[in-house]
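What follows is a set of notes on a single structure, which appears directly below.
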Amino acid sequence: MIDLRQIRSDYPTVAASLARRGIALDGLERVRELDEAHRAVETERNGIRSEIKELSRTVGGLRRDGRMDEAETVAARSRQLGDAERALDASEDELKAAIRELLLVVPNLPADDAPDGASEADNVVLRHEGWDPDSYVDHQRVPHWDVGEALGILDVERAVKMSGSMFTMFRGAGATLARALCQLALDANADAFEEIRPPSMVLTDTMISTGHLPKFSDDAYHAERDDLWSIPTAEVPLTSLARDEILAEDDLPMRLMAHTACFRREAGSAGRDTRGLLRVHEFDKVEILAYCTPEQAADVHADLLARAERLLAQLGLAYRVLDLCAGDIGQSSRRTFDLEVYSPGVDQWLECSSVSWFGDYQARRAHIRYRRNEGGSPVMVHTLNGSALAVPRVWAAVVETHRQPDGTVAIPEVLHPYMRGATVIGPRR
RNA sequence: GGAGGGAUGGCAGAGUGGACGAUUGCGACGGUCUUGAAAACCGUUGAGGGGCAACCCUCCGGGGGUUCGAAUCCCCCUCCCUCCGCCA
């Protein structure tokens with residue numbers, strides 16, 4: 001959530017900033033009106049409540065003194081006020097709920113230095129790494145689904161049999177490779193991040209905290225009977241880990257990482273990228289996440305990006321870094337860098353990490369604060385996160401990039417310790 | 001899933017209708033004393049909302065109810081503990 005007080009005190013800035021996303025601002029206007037009405041009702045209601053409390057104290061005093069008739073007179077007066085109080089109370093509840101409902105779907109203010117733009121097409125490519133378009137040879141120009149099938153390490157057909165389209169299954173060395181990628185990502189970040197193994201299903205409030213609900217319910221799997229959501233990313237449970245807590249400044253930045261399965265309905269993309277691993281309903285991912293102070297946020301953001309990049313470089317993959325424009329960053333984010341890995345077999349740039357700074361938007365939803373060393377009231381933390389490594393697309397890029405003339409796949413050296421000594425993936429027999 | 005017991009401030013733990021936003025202890029912070037520290041003593045110490053301010057309001061797991069007045073009484077829910085059942 002953005003700060004209601006900022007809407008009150010600095011409406012022009014908020015409106016101008018949100019306008020950069022290219023969204024309609026009538027919801028914001030409405031919030032402003034409701035807020036004004038809400039405060040008026042609240043003030044009036046509080047005055048009546050105060051009076052009732054005063055009268056009740058008087059009743060108590062009179063009764064103790066045995067002045068029962070007088071007590072009853074005062075009680076009767078208080079009874080009358082009670083009716084008025086209940087009416088104002090109901091209206092206050094309604095206004096408060098209406099404001100929250102609207103505020104929950106108002107996106108975050110893009111950072112001033114996020115580039116202008118309306119869509120994906122306006123994202124800024126900051127740089128390419130390990131990228132030489134002329135270096136690829138014919139044996140690398142085979143899509144991973146063909147490579148995977150030939151080597152017996154990817155079995156899409158049987159996954160579809162058991163779970164339907166857009167599910168996948170790794171086999172043999174392919175499954176080991178998928179696991180190796182996760183272990184590498186965890187080990188590479190263990191120097192600074194606490195490893196967490198969170199639940200894969202969460203309550204509605206947990207999904208609201210990150211911004212995945214209420215707006216994007218179509219994108220997530222929901223177990224109706226128990227009202228639980230399958231997590232679309234470890235960001236969801238990791239952000240709620242500190243929900244409703246007050247952290248100490250000395251504990252910040254607090255860095256967490258988790259390897260989880262991620263579940264996405266991909267509701268808007270039926271029929272797109274249906275082959276292979278480009279878009280699947282369930283995939284494994286290692287997420288890295290931090291809570292920090294506003295002052296630390298820029299450094300933490302750069303560090304998360306550097307860590308995600310380092311893994312791709314170590315795997316010998318080409319990638320590019322995108323600075324997402326104001327019109328394309330996610331609802332909760334203020335600034336996002338995307339990492340896209342180049343997959344030569346399908347000749348596509350595949351998004352494999354979004355490294356985002358959320359400011360205090362998620363912290364306000366999740367109520368995560370910290371106390372400054374110099375004391376004073378608790379203030380909202382900043383949250384940031386990104387994928388260290390998302391398995392399917394990186395798996396695809398590895399298999400295509402490192403395919404050798406004889407059709408086998410050379411395993412990148414950093415993965416050797418996790419591959420039971422194997423250095424090459426040959427046909428399964 | 002069934003039966004019983006619980007949920008109070010950073011923690012421990014009082015409080016069964018009115019002077020309780022809450023006794024007390026521990027912890028933390030400030031001070032006195034001390035060369036310094038400890039001990040002792042004195043004081044401060046929850047969160048949120050509204051208001052320029054004085055100040056007002058809310059919060060005792062969550063929601064509803066009774067009452068002039070609820071931490072306290074009633075109803076529902078959630079979570080924790082004990083026992084039984086089931087189970088990797």
Taking donor-acceptor contacts at under 3.5 Å, does the side chain of A:R39 reach the base of B:G51? no
Proximity to the side chain of A:R5 - top-ranked nucleotide from B:G46, B:C68, B:G50: B:G50
CG of A:D69: more than 12 outside heavy atoms within 6.0 angstrom? no
If pairs are Watson-Crick or G-U with both distances under 3.5 Å, what is the dot-bracket string of RNA chain B, marking crossing pairs with [ ] and pairs to another strand with |? ((((((((.[[[..)..(.....]]]((((((.......))))))(((((....))))).[[[[[..)....]]]]])))))))....
I'd like the P distance from B:G69 over to B:G18, given in whole Å. 14 Å
Classify A:R77 by what it touches in the nucleic acid, base, sugar-phosphate, or nothing, heavy-atom distance under 4.0 Å. nothing
Between A:K285 and A:E287 (salt bridge meaning N to carboxylate O under 4.0 Å), is one present in this structure? yes
Considering only atom C1', compute the distance from B:A22 to B:U8 and round it to an integer number of Å. 9 Å
Between A:R39 and A:E42, does at least one N-O distance fall below 4.0 Å, as a salt bridge requires? no
Measuring only between side-chain heavy atoms, which start at C-beta, is A:P232 closer than 4.5 Å to A:D219? no
Distance check, C1' atoms only: B:C60 and B:C55, in whole angstrom units. 25 Å
Atom CD1 of A:I246 and atom P of B:A47: how far apart are they, to the nearest Å? 6 Å
Distance below 4.0 Å between A:S50 side-chain N/O and B:C57 OP1 or OP2: yes
Which nucleotide, B:C68, B:A47, B:C57, lies nearest any side-chain atom of A:V59? B:C68
For A:R86 and B:G69, give me the distance from atom CZ to atom C1', rounded to whole Å. 13 Å
Checking side-chain hydrogen bond (donor to acceptor under 3.5 Å, both in side chains) between A:H38 and each of A:E92, A:E94, A:K96, which is the one that passes? A:E92
Should the pair A:R79-A:E72 be classified as a salt bridge under the 4.0 Å nitrogen-to-oxygen rule? yes
Could A:D89 and A:R86 be called an ion pair, given the rule that one side-chain N must be under 4.0 Å from one carboxylate O? no
Return the value, rounded to whole Å, for the distance between atom CG of A:D93 and atom C1' of B:C57. 14 Å
Carboxylate-amine/guanidinium contact A:D323 A:R335, below 4.0 Å: yes
Any side-chain N or O of A:R369 under 4.0 Å from OP1/OP2 of B:G48? yes
Counting only side-chain nitrogens and oxygens, does A:R49 get under 4.0 Å of the OP1 or OP2 atom of B:U58? yes
Whole angstroms only, please: what is the CD-P distance between A:E85 and B:G69? 9 Å
Quote, to the nearest angstrom, the P distance that separates B:A71 from B:C59. 7 Å
Think A:K53 has a side-chain N or O under 4.0 angstrom from the OP1 or OP2 of B:U58? yes
Which whole number of Å gives the distance between the P atom of B:C74 and that of B:G46? 32 Å
For B:C42 and B:C81, measure between their C1' atoms and round to the nearest Å. 42 Å
Under 4.0 Å from OP1 or OP2 of B:U45: is there any side-chain N or O of A:R371 that close? no
May I ask you to say what A:S78 touches in the nucleic acid, namely base, sugar-phosphate or nothing, with a heavy-atom cut-off under 4.0 Å? sugar-phosphate
Check the distance between B:G63's C1' and A:D205's CG and give it to me in whole angstrom. 14 Å
Just checking A:V74: base, sugar-phosphate only, or nothing, at a heavy-atom cut-off of under 4.0 Å? nothing
Nearest-Å distance for atom pair CD/P, residues A:E70 and B:C68: 18 Å
State whether A:R307 and A:D191 are salt-bridged, where the test is any N-O pair (Lys NZ or Arg NE/NH1/NH2 against Asp/Glu carboxylate O) under 4.0 Å. yes
Whole angstroms only, please: what is the CG-C1' distance between A:D83 and B:C68? 12 Å
For the C1' atoms, the ones on B:G10 and on B:C29, what distance do you get once it is rounded to whole angstrom? 13 Å
Take atom CD of A:E42 and atom C1' of B:C59, then tell me their distance rounded to the nearest Å. 13 Å
